[in-house]
Number of protein chains: 2
Amino acid sequence: METAQESLRSKNIRPSIQRVRILDYLKTRKNHPTVDTIYTDLFPQIPTLSRTTVYNTLEMLKENGLVISLDFGDGSLHYDADTSPHIHFECEKCKHIYDVFVAPDDIKKKLPAGFSLSRTQLYAFGTCAKCDKNAK
Amino acid sequence: METAQESLRSKNIRPSIQRVRILDYLKTRKNHPTVDTIYTDLFPQIPTLSRTTVYNTLEMLKENGLVISLDFGDGSLHYDADTSPHIHFECEKCKHIYDVFVAPDDIKKKLPAGFSLSRTQLYAFGTCAKCDKNAK
DNA sequence: GTGTCTGCAAACGATTTGCAAATTA
DNA sequence: TAATTTGCAAATCGTTTGCAGACAC
């Protein structure tokens with residue numbers, strides 16, 4: 001897999017320390033973090049980091065197609081550096097987000113004539129195996 | 001189709017004027033409105049209406065399964081009184097939300113063992129036929 | 001009358017904006 | 001040093017909360 005530095009260079013984005021660390025964080029942890037999670041986790045390593053920079057950086061990475069944002073309706077956006085099409089399953093008990101790597105339905109074929117598709121997002125909600133087991 | 005009054009009664013929800021009008025608005029217009037749209041449109045008819053009541057009512061209707069909320073990432077929630085499974089397509093140009101009545105993928109079968117599903121939401125983004133035509 | 005519902009005003013919290021200082025090519 | 005990037009502080013805006021008065025059974 002491409003390193004964060006390589007990804008940034010390929011898009012002609014200056015690889016500042018903040019940008020590399022934020023993208024690297026997303027690529028390695030795969031934990032669908034929010035701005036606040038990223039900020040809290042990176043702050044010890046980058047003591048001058050500000051939330052504004054995290055917001056700016058993520059917005060820019062998103063515009064460049066390096067990350068996608070996910071909205072589970074909990075009030076803040078989550079980010080994912082895996083831009084391949086997959087389904088996001090959120091456990092309603094533990095709130096963990098699971099990636100389900102299944103090619104989603106071919107919506108394109110089902111749209112009315114004249115409609116063109118740029119992107120889809122499929123969210124699933126329920127209970128994960130871990131929480132299901134604990135409940136018994 | 002059930003009237004708003006009937007729907008409320010079937011769930012043992014007191015059919016106050018505000019509740020009936022809000023649910024009726026959603027059932028008849030099918031325009032996927034936000035709280036603000038509902039408030040603005042109903043205010044002339046109910047001059048004492050407050051945004052708080054619209055929020056309270058929608059939350060309660062949602063808990064009772066009479067409406068669903070949709071999040072297109074534009075900063076505010078949209079509401080829909082059609083709770084049957086269908087896809088929401090937002091045109092990125094005119095921002096209109098289209099209902100695509102296609103049974104979505106059977107995600108249930110594709111989840112790992114032990115996972116149970118309560119609800120899915122499929123959002124699609126692109127260009128609608130109207131905007132596509134105008135662009136030519 | 002007693003419990004429920006409404007709606008005002010204030011609080012909240014995620015995100016955005018303006019701008020000056022710091023950084024980098 | 002000129003252009004870009006960062007980050008503080010304040011503003012913004014959708015939503016929530018506390019509570020007092022209005023309403024319904």
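Each chain gets a letter, A, B and so on, in the order its sequence line appears, and its residues count up from 1. These values consider heavy atoms only, across backbone and side chains, with no hydrogens, waters or symmetry-generated copies.
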What contact category does [X] fall into here, base, sugar-phosphate, or nothing, at under 4.0 angstrom with non-hydrogen atoms?
{"X": "Ser16(B)", "answer": "sugar-phosphate"}
{"X": "Arg19(B)", "answer": "sugar-phosphate"}
{"X": "Ser76(A)", "answer": "sugar-phosphate"}
{"X": "Thr34(A)", "answer": "nothing"}
{"X": "Thr53(B)", "answer": "base"}

In whole Å, I'd like the distance from the [atom1] atom of [X] to the [atom2] atom of [N].
{"X": "Ile22(A)", "N": "dG7(D)", "atom1": "CD1", "atom2": "P", "result": "9 Å"}
{"X": "Leu77(A)", "N": "dG14(D)", "atom1": "CG", "atom2": "P", "result": "15 Å"}
{"X": "Asn56(B)", "N": "dG14(D)", "atom1": "CG", "atom2": "P", "result": "18 Å"}
{"X": "Ile17(B)", "N": "dA22(D)", "atom1": "CD1", "atom2": "C1'", "result": "12 Å"}
{"X": "Glu59(B)", "N": "dT6(C)", "atom1": "CD", "atom2": "P", "result": "14 Å"}
{"X": "Ile13(B)", "N": "dC25(D)", "atom1": "CD1", "atom2": "P", "result": "14 Å"}
{"X": "Tyr79(B)", "N": "dT15(D)", "atom1": "OH", "atom2": "C1'", "result": "9 Å"}
{"X": "Arg21(A)", "N": "dT6(D)", "atom1": "CZ", "atom2": "P", "result": "13 Å"}

I need the [X] [atom1] to [Y] [atom2] distance, nearest 0.5 Å.
{"X": "Leu58(A)", "Y": "Leu66(A)", "atom1": "CG", "atom2": "CG", "value": "11.0 Å"}
{"X": "Glu59(A)", "Y": "Leu77(A)", "atom1": "CD", "atom2": "CG", "value": "9.5 Å"}
{"X": "Ser116(B)", "Y": "Leu111(B)", "atom1": "OG", "atom2": "CG", "value": "8.5 Å"}
{"X": "Gln45(B)", "Y": "Ile17(B)", "atom1": "CD", "atom2": "CD1", "value": "11.5 Å"}

Subject >> No-H, no-angle donor-acceptor pair, Ser50(A) side chain to dC8(D) base, under 3.5 Å >> reply: no

Original post:
More 5' along DNA chain C: Tyr39(B) or Arg14(B), using each one's nearest nucleotide?
Top reply: Arg14(B)

Original post:
Within the structure, does a side-chain N or O atom of Tyr55(B) lie under 4.0 Å from either OP1 or OP2 of dT16(D)?
Top reply: no

Subject >> Side-chain N or O of Thr52(B) closer than 4.0 Å to phosphate OP1/OP2 of dC8(C) >> reply: no

**OP:** Give a yes or no on whether a salt bridge exists between Asp41(A) and Arg29(A), defined as a side-chain N under 4.0 angstrom from a carboxylate O.
**Re:** yes

**OP:** Compare the minimum distances between each of dA24(D), dT16(D), dG7(D) and the side chain of Gln18(A), then state the nucleotide with the smallest one.
**Re:** dG7(D)

